[in-house]
Each structure stands twice: as C-alpha cells, then as structure tokens.
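Following: one structure in structure tokens, then a few remarks.
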Amino acid sequence: MTARVRNVVTSGVFELDGGSWDVDNNVWLLGDDREVFVIDAAHDAEAIAEAVGDRIVRAIICTHAHNDHVNAAPELSERTGAPILLHPDDRVLWDLTHTGVAPDAELEDGQILTIAGTDLSVLHTPGHAPGAVCLYSADLGVVFTGDTLFSGGPGATGRSYSDHPTIVKSIRTKLFALPDDTVVNTGHGESTTIAAEKPNVPDA
C-alpha cells in the first residue's frame with residue numbers, strides 16, 4: 001500500500017525570547033495502515049496518538065525544535081516507543097524546552113528515511129532555526145517544510161537563532177530546486193506549491 005498523508009491540527013503556545021503566542025500547528029502523519037512517521041509532535045500527544053491508532057510509529061521527526069513543534073515529542077515517544085529525530089544544530093532550541101531529555105538520533109542533509117515503501121529525503125534548510133529541515137518525497141510529490149516556507153513566503157526570522165538571508169538561501173537553493181508542482185505542507189496554515197511561492201521569496 002502506498003504511503004498517504006494525514007494532517008492533524010493541534011493548538012497551544014509558542015514561547016521564545018520571553019514572549020508567548022497562541023498557535024495552531026500542523027502535525028503530519030505519513031504512512032500506511034501498518035506504520036507511520038509523525039512529523040512535528042506539537043502540543044497534544046493524546047490527539048496525535050488517537051490519529052495514529054494501532055499503527056507502529058517508526059519515528060517522530062522534528063522539522064526544527066521550537067517548543068510548539070516538539071513539546072509533545074517526549075510523551076509521544078514514551079507512549080509509542082518511537083525514536084525522536086532532530087538535526088543536531090537545533091539542539092540549542094530543544095534544550096530550552098526539554099532539559100534532561102535528549103533526541104534519540106540526528107538528522108543530516110541528504111539522509112533518506114523510508115516509511116511504507118516511500119522515501120523521504122532530508123533537506124537541511126537553516127534560517128528559521130539553525131537545524132531546520134524539510135522532508136521531501138519525490139514519490140508523493142510533497143515536501144514538509146515546517147516553518148521554513150509557508151503559503152505567502154518564508155518563515156519568521158525575527159527571533160533568536162534565526163536569520164533572514166540564510167532562510168532565503170535555503171529556500172532558493174534547496175526548495176526551489178524541487179518540481180514546481182510539489183505540494184508544500186507547512187507547519188502552520190494552508191498548504192501551497194513550490195510554483196506558487198516562487199514570487200514570494202525575493203533574493204536576500
């Protein structure tokens with residue numbers, strides 16, 4: 001059976017640099033009837049586990065480590081036995097949320113993760129966060145961008161550990177190299193396509 005994508009929206013609070021904001025997060029499930037990846041375990045481990053059902057969670061993949069994308073990861077990992085995967089450059093952000101709990105394995109640029117016969121390529125796309133990654137499936141024609149690229153343009157770069165020229169470079173060199181019709185599944189809000197976002201990302 002071919003892998004399929006399901007979206008679960010969870011709600012909570014994003015906290016950084018002394019501020020807090022109410023947010024809705026996209027949690028993405030990728031898999032079949034037997035096994036699944038969870039991309040960005042945000043806010044509500046119970047809701048995510050309910051969506052997973054009796055499937056095996058092979059990994060909890062973090063697109064980056066802002067608290068609103070990883071705050072449910074340890075609980076979900078404990079419930080499912082799944083390892084938490086994070087790029088090492090985002091460990092500084094992870095440690096702001098989870099002290100004494102470490103990710104289980106590191107993501108790296110070019111790594112291939114496979115679920116239900118479907119490959120995901122890890123693309124290191126720093127800018128919104130130093131260890132931000134996107135996850136591209138050529139088989140499905142979809143990329144999971146976390147907070148690197150949204151409908152409307154790049155993710156925010158006004159807070160600690162972020163940089164606007166870096167995120168623009170990441171998007172233009174890594175994401176805009178993908179086919180124009182690639183569906184962009186974002187960390188917040190509506191999905192879009194690579195073609196639709198090209199006019200929204202000028203040169204740094």
Side-chain angles (χ1 to χ4, degrees), residues 3-8 10 16 25-32 34-49 51-140 142-149 155 161-162 166 170 174-175 185-187:
R4 60 186 182 275
V5 177
R6 179 178 175 186
N7 175 224
V8 178
T10 60
L16 189 65
N25 282 65
N26 290 322
V27 180
W28 298 100
L29 307 183
L30 177 65
D32 59 14
R34 188 175 62 89
E35 60 182 2
V36 67
F37 284 152
V38 174
I39 300 172
D40 287 347
H43 305 304
D44 191 339
E46 176 66 31
I48 300 168
V52 167
D54 59 2
R55 292 179 288 178
I56 300 169
V57 180
R58 297 295 185 190
I60 300 164
I61 307 171
C62 308
T63 62
H64 64 293
H66 283 150
N67 78 291
D68 59 317
H69 290 256
V70 301
N71 50 11
E75 181 182 346
L76 187 64
S77 176
E78 185 174 347
R79 292 176 67 134
T80 63
I84 300 168
L85 312 184
L86 177 74
H87 192 283
D89 290 356
D90 250 30
R91 183 62 189 270
V92 62
L93 287 167
W94 172 274
D95 288 344
L96 294 177
T97 301
H98 300 300
T99 57
V101 179
D104 298 289
E106 296 181 350
L107 296 169
E108 61 181 34
D109 189 56
Q111 182 179 358
I112 303 295
L113 305 170
T114 303
I115 191 75
T118 299
D119 289 344
L120 276 182
S121 299
V122 177
L123 309 175
H124 182 211
T125 51
H128 180 72
V133 301
C134 297
L135 305 160
Y136 172 58
S137 170
D139 295 337
L140 300 179
V142 63
V143 62
F144 302 92
T145 57
D147 289 1
T148 294
L149 181 64
Y161 308 106
S162 65
T166 300
S170 292
K174 295 287 185 69
L175 297 183
N185 286 337
T186 65

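The basis for the numbers below is simple: all heavy atoms, side chains too, and nothing from hydrogens, waters or symmetry mates. Source: prediction; values computed, not measured.
- Judged by distance alone, with hydrogens and angles left aside, the side-chain atoms of Trp28 form no donor-acceptor pair with the main-chain N or O of Gly187 at under 3.5 Å.
- Between Asp32 and Arg34, the shortest heavy-atom distance links the atoms OD1-N, 2.8 Å.
- With sequence neighbours left out, Glu46 forms a salt bridge (Lys or Arg N to Asp or Glu O under 4.0 Å) with Arg79.
- Formation of a donor-acceptor pair under 3.5 Å by the Ser170 side chain with backbone atoms of Pro126 is found in this model.
- Phe144 has its side chain out of reach of Ile61: every pair of non-hydrogen atoms, C-beta onward, lies at least 4.5 Å apart.
- The shortest side-chain heavy-atom distance between Leu107 and Leu113 falls under the 4.5 Å cut-off.
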For residues 83-90, which side-chain donor-acceptor pairs fall under 3.5 Å, sequence neighbours excluded?
from	atom 1	to	atom 2	distance (Å)
His87	ND1	Asp89	N	3.1
Asp90	OD1	Gly131	N	2.6
Asp90	OD2	Ala65	N	2.7

- request: Quick one: do Leu30 and Leu140 satisfy side chain to side chain contact (heavy atoms under 4.5 Å, CB included)? Show the steps, please.
  value: CA-CA 10 Å; Leu30 177 65; Leu140 300 179; 3.5 Å; yes
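- In terms of heavy-atom proximity, Ala3 sits nearest to Ile115 at CB-O, 4.1 Å.
- Side-chain atoms of Val38 and Thr80, non-hydrogen and from C-beta on, never get closer than 4.5 Å to each other.
- Closest non-hydrogen pair, His128 versus Gly155, comes out as ND1-C, 4.1 Å.
- In this structure, Asp104 has no salt bridge (Lys or Arg N to Asp or Glu O under 4.0 Å) partners at least two apart in sequence or on a different chain.
- Applying the salt bridge (Lys or Arg N to Asp or Glu O under 4.0 Å) rule to Glu106 yields no partners; only residues at least two apart in sequence or on another chain are considered.
- Side chain of His69 to backbone of Asp147: no donor-acceptor contact under 3.5 angstrom is found.
- In terms of the side-chain contact (heavy atoms from CB on, under 4.5 Å) criterion, residue partners of Asp95 (sequence neighbours excluded) are, by chain and number, Arg91.
- Side-chain contact annotation: Asp68 with His43, donor-acceptor N/O pair under 3.5 Å absent.
- Remark: the backbone N or O of Ala42 is paired with a side-chain donor or acceptor of Thr10 at under 3.5 angstrom.
- Remark: Arg55 engages Arg4, Leu29, Val36, Val52 in a side-chain contact (heavy atoms from CB on, under 4.5 Å) (not counting sequence neighbours).
- A donor-acceptor pair under 3.5 Å links the side-chain atoms of Glu35 to the main chain of Ala116, judged by distance alone.
- Panel note: side chain Ser77, backbone Ala73; no donor-acceptor pair is recorded below 3.5 Å.
- At least one donor-acceptor pair closer than 3.5 Å links the side chain of Trp94 to the backbone N or O of Val101.
- Between Thr114 and Phe37, the shortest heavy-atom contact is O-CZ, 3.5 Å.
- Between the side chains of Asp40 and Thr63, at least one donor N or O lies within less than 3.5 Å of an accepting N or O.
- The distance from atom CG of Leu123 to atom OH of Tyr136, rounded to the nearest 0.5 Å, is 9.0 Å.
- When all heavy atoms of Val8 and Ala51 are compared, the closest pair comes out as CG2-CB, 3.5 Å.
- His66 places a side-chain heavy atom less than 4.5 Å from the side chain of Leu16.
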task: Verify side chain to side chain contact (heavy atoms under 4.5 Å, CB included) between Val122 and Leu135, making sure each step is shown before the conclusion.
output: CA-CA 5 Å; Val122 177; Leu135 305 160; 3.9 Å; yes
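- Asn26 contributes a side-chain N or O that, together with a main-chain N or O of Thr186, makes up a donor-acceptor pair within less than 3.5 Å.
- Note: Leu76 CG to Ile60 CD1 = 4.0 Å, rounded to the nearest 0.5 Å.
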- request: Would you check, one step at a time, whether the test side chain to side chain contact (heavy atoms under 4.5 Å, CB included) holds for Asn185 with Asn7?
  value: CA-CA 9 Å; Asn185 286 337; Asn7 175 224; over 6 Å; no
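- The only member of Asp109, Thr125, Thr148, Thr145 that meets side-chain hydrogen bond (donor to acceptor under 3.5 Å, both in side chains) when paired with Lys174 is Asp109.
- When every heavy atom of Ala47 is checked against every heavy atom of Asp44, the shortest pair comes out as N-OD1, 3.0 Å.
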